[in-house]
Every structure is written in C-alpha cells, then in structure tokens.
Number of protein chains: 2
Amino acid sequence: MTEKSSPTDPIHARGGSGATIADVAQAAGVSVATVSRALSGNYPVAKATRERIFRSVTDLGYVANAHARALAGATTRTVGIIINDVADPFFAYIARGVERQASAEGRMCLITATHGDKERELALVDLMREQRTDAVILVGGASDDPRYRKQMADRARALAAAGSSLVLCGRPSLGAGVPTKMVTYDNEGGAFAITDYLISQGHRRILYVGGPRDFSTTASRLAGFYRALDARGIERDPALVHEGAFGRGFGYSRMRELLDQEIDFTAVFGANDLVAAGILEALEERGIRVPQDVSVVGYDDVPVASELRPRLTTVRVPLEELGREAVRLALSQTPHDAGASSDNTLTVGTHIVIRDSVSPPNKA
Amino acid sequence: MTEKSSPTDPIHARGGSGATIADVAQAAGVSVATVSRALSGNYPVAKATRERIFRSVTDLGYVANAHARALAGATTRTVGIIINDVADPFFAYIARGVERQASAEGRMCLITATHGDKERELALVDLMREQRTDAVILVGGASDDPRYRKQMADRARALAAAGSSLVLCGRPSLGAGVPTKMVTYDNEGGAFAITDYLISQGHRRILYVGGPRDFSTTASRLAGFYRALDARGIERDPALVHEGAFGRGFGYSRMRELLDQEIDFTAVFGANDLVAAGILEALEERGIRVPQDVSVVGYDDVPVASELRPRLTTVRVPLEELGREAVRLALSQTPHDAGASSDNTLTVGTHIVIRDSVSPPNKA
DNA sequence: CTAGAAATAGTAAGCGTTTACTATGGAGAA
DNA sequence: TTCTCCATAGTAAACGCTTACTATTTCTAG
C-alpha cells in the first residue's frame, strides 16, 4: 500500500488513524519530547525549532490524543455535569452556565442525563469517574432513599480521594463528613415569599400542585409554603396539596381532576413554571379566567413564564449563575466540606417576580 | 456493617487517587490480565476466580480508567455533539435525541456549544478529535464563508481518516468528495408549505423577519418562501424581507421598527418560533390583534409555540428524531459519502401545524 | 581563557489498560 | 500410559503522551 496521496497533502497524509506525536517529531527532525514541549509551551524551545514543529503539525493535521495526555498525568481538563433532561429549560439553563464557565476556565464539559432514574444517576457518576473529570456536578433535587444516599456518599469519597470533587447543585447535603461542595438556591425562602404574596393579596385557600413526592426540592418548596401559611395563621389543609411530578402534563391533568372535584380555592401554586403552564391551560379550557377568577403562580422563572398569558408571577432562580458558581466552586482549591458548615456551600438568592397572573380573590 | 473506615471499607480504602487494575489483581491474587478479562467478559475465566475479582472490585470501589482503556485500543464509546447553545430549545431537543440514542447504544455524549462563533466551532471539532470520539455531530445552520468550508472539509477528512465520522445535522453539504454523513430536514419545503398556506388564506403582502444573513438555514427558508410567492404569481418585494438573527429579542425589536415604518402587510413569517414570539409581543404592545389584524407564523414548533397566545401556527420539525437519526447514521457502518448522492444523507420531513395565529386578512 | 550557568535537546521511565503469545494442568483419545 | 486438546492464567508488548534526568552547546563573568 503505497503512501500515494502527495506527501504534502494536508490532513490525510498518513493513511492510518491520524498522526501521532512521533510522526510530527520525525517530520520536524526532532525528538518527541521537543514536540511535546513546543506544544505545551512550558519549556524553552528554540524559535526555529518551534516553527518547524508547528509547520509539521499543521501539515499533518495533528491533534494530541487527549487520552494519552490524560494518562500521562496531565489533568483531563473536563468537568462533568449530570442533569435530568437536556431539554428541560430548568436544567438547560444551569447547563449553559456550567458550560460557559467551564469553557471560560479552559475546560470541556461532559453533559449527561438521568431521565429521572436514580440508578442511572449513580452509574453516571461512575462513568464520570472513569473519565477522570476534574469535577462532577450533580444537579437537581434528590431522592431521600437512605440506600441511595449511602451509595452516593461512597462515590463522593471516591471522587475526593481521586482529587476530583462532587458538587451538589440545588440539592441537599449527603450528610456531615461526606466530602462534597454545594451550591444551592433558596427554595424554601422563595416559596415562602410567593405564598406570602398570595396571602397578602387576600387568598386563603391555596392549592399546591406538582413536584415528585419524597423529593428534596418538593420538600423545601412545600416547607416554605407551609411556613407562610403558619405565619399568617392559616390552617394547613391536606386536601389542598397535590404532589406528583414536575411536568407540564402533570399540571394540566391534575388540575382538570381537581376542577372536577369542585374543591374550594382561589389560587394555585404550581410547583414549577411548567406545571403552572399546564394549570393555566386546564383553567383556560374550562373558561376560568386568570387572574380574575383564580390566581396562579409558578417557580423558577424559566423563559416560558413570560410567554404565558397572563404572564406568570413566579420565583426567579438565577439558573445560569447557579451553574457558573458550581464550576467556580468545583475548580477552586478550597478543600471539600469535611466538617460541619464550612464555606464550601454557597447559596444564591431567589426573589419573586410579579407579573399578571395574580390578583385579589373574587369576593363571590 | 460498622460505619468506621476499616481497611475493607468500600471506596476510600486506598488513599491515593483511586484503585488501579493492578490493585484489584493483587487483592484477588491474580494477574492484571485476568482482571481485565473478567471485567470485559470476552475470555473464559473460572467462576471462582471471577467472583473473587468482582468482590475485590467492589471492595476497592474500582472503576476502569477510561483514558487508559481508550489508549489501549478499545474504542472510546463516546460521541460528540456541537451545538449553538444548550439553552436554545431548538438545539436542546436535538441534543436530547442525540443523548438518548447515544446512551441507547451504550455511548457517552460530549456536548459543547459554539455560541455562534465559527472559529470556536472549528476549535471544538478539533477538541472532539483529540477526544477520539466515535463520531462528531455538527448541528445547525452554517456560514457559507469559503475559507471556513475548506477548513471544515479538512477536518472531515481527518476524522474519516481516523475512523470517526462527521455528521452534518440540518446543515448543507461541505461539497462533493468530502467524507461526511448528513441528516437534514426539509427546510425549504416547510417554508414553502407555510407560505402557501398564508397565501391560500388570502395574504399577499407577507413580511419575512429574522435569521442571520448568509446562513444556510435562512437561505433555505427564504427559498421556500420565494418559491411559494412565485408559484402564486406574487411579486417579490425586497422591502418585505428582513434578515438579522434568530433570537426572540431580534423579532421584538425589528418588529417594532417595522411597525414605526408603517409598511403595508397583513402577515408575518417569523424565521423561527422565538422570533415569532418576539413579533407577537411587539404586536401585542401596539394593540394589534393576532390573527384578526395581522397573521403570524413561525418555524420549528418548539414547545413555546403552543404556549403563546394565540397559539402559533408553525412548521413542525422532528427535532429529537433528527438527533436520534444523526447518531444512528454516525454509528452505522455505512461508508462516508465520498461520491455524489449516496444514501448517506437522510432527510426527515416537516409539516405545518395549524393553530390560532392565522386567519384571512382583514378586508380593510 | 575557563569554570559555571543558561539554553536547548534527547533518553527513557512511566501512566493503566488490552491482548497476542506463552505456559500449565488435566481430561479424553489412542 | 502417552499424547492432544481445552480451559485457564500469566507475560509482556503496545497505545501516545509527559517529564525527570542527562547531555551538549553557547554564553557570561571572573
């Protein structure tokens, strides 16, 4: 098999599977060590030599083998992020923050999705561990199954032992003594604030709809909701809280069911904006006006919230910022949180944004 | 099971940076080769031995080093995808398809974003090449700058030479002879169909707004738009087409400007749904009713289209399917498209979905 | 001039796997 | 009993880079 394609042919000069550093070295008439140095630029190489090397590099279309490089000890320059679903705006915005900050710090970003499967989440952490990522960022609410927590804690330790770190983004701690970093947002506070706003408008019977049961995010939002109720001396009515899921479809179907049951309420708190969108649709379908007949609020302030009509009053969570902070923290040199409350946990604030979906209840 | 770190403590038994296969071999009293075989399961290993090995693996919390594995010749089992922006639903849905199909085929998925920067796009392809991904999927419209095309073609060849492949998703060919695979959707046809629909409703003066100039996607959509006009014998009026960008913000601001100019039109074709959303807002702001006063259509049918009020009539593009097909094609054994028109290019159909944003023009 | 310090290159030892070869111990065949 | 052939297990050579050492020039100062 003759090496036909002209020797100066840009990229496919070498037949095989891409040029290696040895090919470059040979072409430039130097040793591989020199090529390696010229490329990483952390060691003096004569100008003429360097130029010869770079010419060979472009001639051959050489790119370093990242695996060989990683193996040889250099860092992988990659951070991993594990989210529920790439197409869910809540996660997508966090992912965007992570991706941007990572690339600002010269890292690649390995994004994977669990589709809500806990086992898969554990497996993905291992996968990231195999990839030796500089950090793995775990996003979104977590289950509170103890077996699961224990397994995740094991992985956090393994990661820490390998010099990487596990950063929990918007999810609860794995317990004291587990080496993790955390960046969260004030879920409970936001839920409190928006519930309180509803109450201040005169609402007393507020429906809470959505969010998986036994899920940390749901728990915090509900906690804030209850705290606001308690603070104003309004009785908690179990008949008014309806957990389930975070999707738009859930909001729509559950709201329809609730409407059929003729429950007495004047406002609905959607566990997130998507659920609220579904709720709005169910209401619209029945000819119930928002906010005149019923007020509705959501959570997260994803872009769709301001696309809805009426525009949705909701709680703003600085998603992209959250992602950015996660990688900053991950890549910072601060040691892991091994003790009780170190400064390894960072909380970004939330605030309510008032739009058009709330008004005082109809004094029917 | 006591909670103290005994020597047999799961994961952090070894202090350093994670157990290696040699540690496992030692713990199990066998050679590394045997461990490797037991793990990959492609070579007979006595049952007792295998069990001993697996026990050591869990005891030590061992996970293989993916880099060493990749280096030693096994494939990387990773596909790379390059998109504009993780948070843009158009790309997010394609990414979801890619991610799902990849994981269905036992691959990881490396997602990166260009933020619309051509140079960065080129650099990202090289990055993927460094990672030796099994395939790289390049999504979204492309610039038609010849220098850029040449550079991308070089990379396509390099990838092909290395046994990987470049798959172009929703973007035009790099030219005959360049080894790529393609999966596209019928941009021109969808634009034709929806324009024709507008015309059939009686519209004659249709504004086209959005989409970067000199961009393949814009070109195809405009081509379909013009073809529909021509087919019905309606004169093309340059004053009616306004290229620019794909964002919601562009739709909003450009629509405002156009409204100030008091141009004569009865319908607006937004280059995509986001632009249409901006257009809708500008219209609403001026008290112009849709569809009574002006009809509006978009393109892509991202979820927000049905969240808008009125619900947006648009062109449905099977985004997730597109992503899935891209990885199927990428991983299939079919050779690259080296000739003219092979079956290496796959086109998924588009169709218009009629909702509430179009009606016959007001006979004012 | 000459010793010693730069500056510049080369040598070779890993990094953690996979896998082609080789070795060993029985089981069944002759 | 002796020889083959399996089933298993071990050895060691890549894979493509980085980097600690070592070697050779070339300056610079004394």
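Labels below follow one simple rule: chain letters A, B, ... track the order of the sequence lines, proteins then strands, and each chain is numbered from 1.
- Spacing between atom NE2 of His67(B) and atom P of dT18(C) amounts to 14 Å, rounded to whole angstrom units.
- Comparing Ala72(B) and Ser36(A) by the nucleotide of DNA chain D whose heavy atom lies nearest to each, the residue mapping closer to the 5' end is Ala72(B).
- Side-chain N/O atoms of Tyr43(B) and base N/O atoms of dA9(D) include a donor-acceptor pair closer than 3.5 Å.
- A salt bridge between Arg77(A) and Asp134(A) is absent, with no side-chain N of the basic residue lying under 4.0 Å from a carboxylate O of the acidic one.
- Salt bridge annotation for Arg328(A)-Glu325(A): present, with a cationic side-chain nitrogen under 4.0 angstrom from a carboxylate oxygen.
- Proximity note for Ala68(A) (side chain, C-beta onward) versus dT17(C), dA9(C), dC17(D): the nearest is dC17(D).
- The distance from atom CG of Asn65(A) to atom P of dT17(C) is 16 Å, rounded to the nearest whole Å.
- Judged by distance alone, with hydrogens and angles left aside, Arg132(B) brings no side-chain donor or acceptor close enough to the base of dG16(D) to form a pair under 3.5 Å.
- In this structure, Arg50(B) places its CZ atom 9 Å from P of dA9(D), rounding to the nearest Å.
- If you check dC15(C), dC17(D), dC15(D) against the side chain of Ala64(A), the one that comes closest is dC17(D).
- Checking dT18(D), dG10(D), dG10(C) against every side-chain atom of Val32(A), the shortest atom distance belongs to dT18(D).
- Residue Arg77(B) contributes atom CZ, which lies 16 Å from atom C1' of dT17(C) at whole-angstrom precision.
- The phosphate of dG10(D) (OP1 or OP2) has a side-chain N or O of Ser31(B) nearer than 4.0 angstrom.
- Note: CD1 (Ile21(A)) to P (dC17(D)) measures 5 Å, nearest angstrom.
- Under a 4.0 Å N-O distance rule, the pair Arg324(B)/Glu320(B) qualifies as a salt bridge.
- Rounded to whole angstrom, the span from the CG atom of Leu71(A) across to the C1' atom of dT18(D) amounts to 11 Å.
- Taking the charged nitrogens against the carboxylate oxygens, Arg147(A) and Glu119(A) do have a contact shorter than 4.0 Å, which makes a salt bridge.
- The side chain of Arg37(A) has dA9(C) as its nearest neighbour among dA9(C), dG16(C), dG16(D).
- Counting to the nearest Å, the C1' atom of dA9(D) and the CD atom of Gln26(B) are 17 Å from each other.
- Within the nucleic acid shown, Ser40(B) has no heavy atom closer than 4.0 Å to any nucleic acid atom.
- Using a 4.0 Å cut-off between charged nitrogen and carboxylate oxygen, Glu99(B) and Arg120(A) count as a salt-bridge pair.
- Considering only the side chain of Arg69(A), dC17(D) comes nearest among dT19(D), dG16(D), dC17(D).
- Of the candidate nucleotides dG10(D), dA9(D), dG16(D), dG10(D) has the atom nearest to the side chain of Ala33(B).
- Protein atom CG of Leu39(A) is 13 Å distant from nucleotide atom C1' of dG16(D), rounded to whole Å.
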